[in-house]
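A quick write-up on the structure given underneath.
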Amino acid sequence: MLQVSHEFGCLTLTPSSPFSLKRSCACGQAFRFQEEEGGYFGVVNGRGVRLTQNGNSLKVFPCAKEEILQFVRYFDMERDYGSIELQLERDERLRACLSSASGIRIFNQDPFETLISFIISANNNVKRIQKIVAGLCESVGELVTDDVYTYHRFPTPQALADLPEETLRELGAGYRAPFIKQSAKKVADGYDLAALRNLPLTEARKELCTFAGVGAKVADCVLLFSLGHANAFPMDVWMKRAVRELFFDGEEPTKRELEGAIEKLGPVSGILQQFVFHYARESGLGA
DNA sequence: ACCCAGGGTGACG
DNA sequence: CGTCACCATGGG
């Protein structure tokens with residue numbers, strides 16, 4: 001159950017299961033939530049908002065009445081995370097993840113922003129990804145000044161498609177510069193990312209892999225973090241280590257064994273994955 | 001100098 | 001189908 005209240009232009013969402021703003025913002029799913037004075041500032045669906053946590057409540061400011069549902073959905077507050085954490089708790093292999101990952105929510109981000117962000121993420125680290133994405137926004141993202149804040153939106157597909165490769169390299173994108181440009185152009189030319197929401201996981205993944213700089217892992221991030229595929233399971237170096245340690249007693253699994261183990265986790269395996277990922281990074285698993 | 005980071009691409013078997 | 005060097009960049 002979710003309690004929703006709205007007064008003085010501030011939205012308060014209180015889920016009945018544990019919520020952690022800090023873990024949700026820091027778990028590596030999104031790269032534009034900046035920590036500041038007891039909260040976070042982020043741009044959600046093109047709107048700059050300040051996020052704070054009070055008890056188990058998430059506060060979003062500013063928020064107009066018409067925007068309430070949109071924020072509820074972005075922060076995935078309609079989903080029953082109590083049952084998800086219960087599944088983790090019941091699994092002896094995954095139980096330990098909760099101590100550092102309880103309260104995570106998977107945000108429903110913009111597909112294009114997520115696509116470009118995770119193209120940048122390839123063979124890169126979170127701090128640098130944040131820096132490059134911030135540079136993109138400050139360079140060619142629309143500058144917005146509303147009643148409360150001044151901020152940049154994430155660039156449009158056309159804006160990134162028009163950006164010279166050299167500029168992308170100056171921002172730190174390195175060899176990913178042409179991937180960003182080509183993929184942005186494909187969206188600017190009319191490719192409908194949102195349509196992938198309604199495709200089966202395997203087909204949606206295959207579609208995303210036609211973009212430059214997108215392989216299975218980046219595709220799964222886009223599907224999980226922006227297109228509602230809760231069973232997309234991104235396998236990066238951290239998850240490979242974690243799965244090897246937690247599921248296969250330190251041994252390297254075959255591809256079949258790996259797929260089987262993920263399949264057994266059920267329809268929200270990708271969300272479970274994010275708890276494990278955050279745990280692995282926080283506990284420095286294997287490093 | 002070397003290794004690593006939310007990997008992908010292209011070449012070669 | 002699988003493997004593998006290579007790819008920019010910054011931090012440890």
Side-chain angles (χ1 to χ4, degrees), chain A residues 23-33 97 100-101 104-107 109-111 113-136 139 163-186 202 205-227 229-246 252-259 262 269-287:
Chain A
R23 288 172 179 176
S24 299
C25 289
C27 72
Q29 62 173 321
F31 304 103
R32 283 197 78 200
F33 288 94
C97 299
S100 53
I104 284 177
R105 292 293 180 283
I106 299 296
F107 298 164
Q109 303 180 63
D110 173 73
E113 174 175 347
T114 308
L115 173 67
I116 298 301
S117 297
F118 280 95
I119 285 174
I120 293 168
S121 80
N123 199 22
N124 213 336
N125 59 64
V126 173
K127 196 157 292 181
R128 274 196 80 240
I129 300 164
Q130 290 173 335
K131 185 186 167 192
I132 297 166
V133 171
L136 289 180
S139 297
L163 208 55
E165 260 185 51
E166 187 186 337
T167 307
L168 290 167
R169 288 181 185 275
E170 285 168 3
L171 293 171
Y175 63 89
R176 310 169 193 84
F179 299 161
I180 296 170
K181 196 171 163 69
Q182 290 169 36
S183 291
K185 176 168 170 46
K186 186 162 178 167
T202 310
R205 184 185 290 144
K206 191 172 158 192
E207 272 296 313
L208 278 174
C209 286
T210 64
F211 282 82
V214 178
K217 189 271 170 183
V218 169
D220 277 5
C221 286
V222 177
L223 292 168
L224 176 63
F225 298 138
S226 74
L227 289 167
H229 286 268
N231 58 337
F233 198 99
M235 281 293 288
D236 73 319
V237 293
W238 291 98
M239 281 306 297
K240 281 176 186 167
R241 279 200 290 264
V243 169
R244 194 192 318 137
E245 295 305 317
L246 299 176
E252 192 67 31
T254 68
K255 203 164 250 186
R256 289 299 171 203
E257 290 173 328
L258 189 56
E259 286 174 4
I262 293 171
S269 58
I271 298 178
L272 303 176
Q273 171 274 156
Q274 195 58 20
F275 283 72
V276 178
F277 174 77
H278 189 60
Y279 162 77
R281 273 168 49 89
E282 290 284 297
S283 67
L285 203 69

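Quick caveat: nothing in here was measured; it's all calculated off a predicted structure. Just so it is clear: chains get the letters A, B, ... in the order the sequence lines come, proteins before strands, and each one is counted from 1.
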By nearest-nucleotide position on DNA chain B, the 5'-leaning member of A:Gln274 and A:Ala212 is A:Gln274

Could you tell me whether A:Arg169 and A:Glu166 have a side-chain N and a carboxylate O separated by less than 4.0 Å? no

Would you indicate what A:Cys209 reaches in the nucleic acid, counting non-hydrogen atoms under 4.0 angstrom: base, sugar-phosphate, or nothing? nothing

Between B:dG7 atom C1' and A:Phe118 atom CZ, what is the distance in whole Å? 12 Å

Counting the atoms with a prime plus P, OP1 and OP2 as sugar-phosphate, which does A:Phe225 contact under 4.0 Å by heavy atoms, base, sugar-phosphate, or nothing? base

Counting only side-chain heavy atoms from C-beta out, which of C:dA8, B:dG6, B:dG7 sits nearest to A:Arg176? C:dA8

Under 4.0 angstrom, heavy atoms only, what part of the nucleic acid is A:Gln273 near: base, sugar-phosphate, or nothing? base

Check whether any side-chain N or O of A:Glu165 sits under 3.5 Å from a backbone N or O of A:Lys181 as a donor-acceptor pair, and report yes or no. no

On the nucleotide C:dG2, are OP1 or OP2 found under 4.0 Å from the side-chain N or O atoms that A:Lys255 carries? yes

Please give the distance between the P atoms of B:dG6 and C:dC1 as a whole number of Å. 30 Å

Can you check whether A:Phe225's main-chain N or O pairs, donor with acceptor, with A:Gln274's side chain at less than 3.5 Å? no

Whole-Å gap separating C1' (B:dG7) and CG (A:Asn123): 6 Å

With rounding to whole Å, what would you report as the distance between C:dG11 and B:dG8 at their P atoms? 24 Å

Measure from CZ on A:Arg128 to C1' on B:dC4 and round the result to the nearest Å. 12 Å

Complementary nucleotide of C:dC7, counting Watson-Crick and G-U pairs under 3.5 Å: B:dG7

Roughly how many Å apart are B:dA11 and C:dA8, using the P atom of each and rounding to a whole number? 16 Å

Taking only the side-chain heavy atoms of A:Arg241 (C-beta and beyond), determine which of C:dA8, B:dA5, B:dG6 contains the nearest atom. B:dA5

Looking at the rings of A:Phe31 and A:Phe118, which for Trp means the six-membered one, are their centres under 6.0 Å apart? yes

Taking all atoms of both residues into account, what is the closest heavy-atom pair of A:Phe107 and A:Ala30, and its distance? CD1-CB, 4.5 Å

Provide, to the nearest angstrom, the distance between the CG atom belonging to A:Asn125 and the P atom belonging to B:dC3. 18 Å

Identify whether any heavy atom of A:Ala177 sits under 4.0 Å from a base atom; if not, whether one sits that close to sugar-phosphate; answer base, sugar-phosphate or nothing. nothing

What is the separation between atom CD on A:Glu165 and atom P on C:dA8, rounded to the nearest whole Å? 11 Å

Which part of the nucleic acid, if any, lies within reach of A:Met239 when heavy atoms closer than 4.0 Å are counted: base, sugar-phosphate only, or nothing? base

Could you tell me the separation between the OH atom of A:Tyr279 and the P atom of B:dG6, rounded to a whole number of Å? 17 Å

Check whether any side-chain N or O of A:Arg205 sits under 3.5 Å from a backbone N or O of A:Ala232 as a donor-acceptor pair, and report yes or no. no

With sugar-phosphate meaning primed atoms plus P, OP1 and OP2, does A:Gly28 contact a base, only sugar-phosphate, or nothing at under 4.0 Å between heavy atoms? base

Quickly work out the A:Phe179 CZ to B:dG6 C1' distance and round it to whole Å. 16 Å

How would you label the contact of A:Arg169 with the nucleic acid (heavy atoms, under 4.0 Å): base, sugar-phosphate, or nothing? sugar-phosphate

Protein-nucleotide distance (A:Met235, atom CE; B:dG8, atom C1'), rounded to Å: 16 Å

